[in-house]
Amino acid sequence: KMRSTILLIGAVGLFSSTVSAQVPNGGFEDWTTVGTYQDPDHWITINAQTEPFGLLSCERGTPGAVGNAYAKVTTRQLIPGNTLSTVPGFLSLGDPATGTSGYPFADRPGALNGSWQYDIQAGDQGNITIAFTRWDPVAQNPVPVGTGNIQITGTHAGWQTFSIPITYVDGSDPDSVFIVIQSSNAALMDGSTISVDDLTFGAAGAGIQEEEASVALQIYPSPATDELDLVAD
């Protein structure tokens with residue numbers, strides 16, 4: 001079971017401005033300097049929380065699988081010898097200025113495709129989760145439209161393409177998309193890493209895919225206010 005907590009825009013109607021058929025900065029070419037570190041544009045990290053310990057949970061790598069750069073997330077033990085201080089590498093599509101996850105999106109792609117390399121420590125597990133939702137104005141709550149999830153274990157040292165199929169559970173078009181990348185799930189093992197690049201929406205590709213495309217997605221609380229939990233079983 002995987003859980004990701006994401007912040008919602010206060011009035012979800014703000015999502016209705018502009019929709020996109022692709023992943024914003026999905027090639028991770030654009031980064032903004034924040035103090036002593038850089039964060040990828042259109043993506044939220046927890047670097048602000050880990051940087052005071054002299055560590056970054058998300059870093060810009062070069063060269064990319066495609067282009068000049070990629071994003072690498074790493075699970076970090078913030079206090080040496082203190083396992084309780086370990087936090088997962090974390091990357092979430094959204095607005096870094098407000099910390100609000102999600103992006104306007106009104107299409108129904110077949111998959112999230114991209115390139116990755118990873119080194120997940122023994123006993124640990126990383127994951128990538130995609131969720132499409134629409135706002136129900138009557139219930140004042142987000143409704144699941146489609147989801148995709150893949151669990152990542154082991155090591156792959158070179159760039160490899162992947163394709164995560166999207167399973168749709170609602171006939172309506174979405175208005176928002178969420179993408180969450182974590183280098184650790186339940187077990188937090190210092191040093192687990194996932195590097196990603198060239199993220200695009202499209203048809204299911206010929207790369208590595210999850211064995212089970214169908215993922216049960218729970219969204220709560222209902223109604224949602226400031227935070228939204230995505231739980232993929």
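The structure displayed is predicted, hence computed values, not measured ones. Sequence positions, counted from 1, serve as the residue numbers for this chain.
- By the criterion of side-chain heavy atoms lying less than 4.5 angstrom apart, applied directly or through intervening Ile, Leu, Val, Met, Phe, Trp or Tyr residues, I46 is not grouped with V34; the two fall into different hydrophobic clusters.
- Counting only residues at least two apart or in different chains, salt bridge (charged side-chain N to carboxylate O under 4.0 Å, His left out) contacts with residues 46-56 are absent.
- Rounding to the nearest 0.5 Å places CD1 of I120 at 6.0 Å from OG of S183.
- Between W31 and F28, the ring planes lie tilted relative to each other; the angle falls in the 30° to 60° range.
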Atom pairs and distances, side-chain donor-acceptor, residues 186-196, under 3.5 Å, sequence neighbours left out:
from, atom 1, to, atom 2, distance (Å)
D190, OD1, Q77, N, 3.0
S192, OG, Q121, N, 3.0
S192, OG, D124, OD2, 2.9
S192, OG, M189, O, 3.4

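- In this structure, T75 contributes its side chain and P88 its backbone to no donor-acceptor pair below 3.5 Å.
- With side-chain heavy atoms closer than 4.5 Å counting as contact, directly or through intermediates, the hydrophobic cluster containing W159 also holds Y70.
- Within the structure, salt bridge (charged side-chain N to carboxylate O under 4.0 Å, His left out) contacts touching residues 83-94 (residues at least two apart or in different chains) do not occur.
- Listed by chain and residue number, D170 satisfy the salt bridge (charged side-chain N to carboxylate O under 4.0 Å, His left out) test with R134 (two or more places apart in sequence, or in another chain).
- Under the 4.5 Å side-chain contact rule for hydrophobic residues, V180 and V87 share a cluster.
- Not counting sequence neighbours, P96 has no partner by the side-chain contact (heavy atoms from CB on, under 4.5 Å) test.
- When the side chain to side chain donor-acceptor pair (under 3.5 Å) test is applied to T32, the partners found at least two apart in sequence or on another chain are D41.
- Screening residues 46-67 for ring-ring contact (aromatic ring centres under 6.0 Å, His included) gives no qualifying pairs among residues at least two apart or on separate chains.
- Annotation for I44: hydrophobic cluster partners, listed by chain and number, are none (ILVMFWY side-chain heavy atoms under 4.5 Å, direct or chained).
- Annotation: salt bridge (charged side-chain N to carboxylate O under 4.0 Å, His left out) contacts involving residues 22-40, sequence neighbours excluded, are absent.
- Here the CG-CZ distance, from D175 to F132, works out to 11.5 Å after rounding to the nearest 0.5 Å.
- Y37 meets the ring-ring contact (aromatic ring centres under 6.0 Å, His included) test with no other residue; sequence neighbours excluded.
- Residue pairs that meet the salt bridge (charged side-chain N to carboxylate O under 4.0 Å, His left out) test with at least one member in residues 136-153, sequence neighbours left out, do not exist here.
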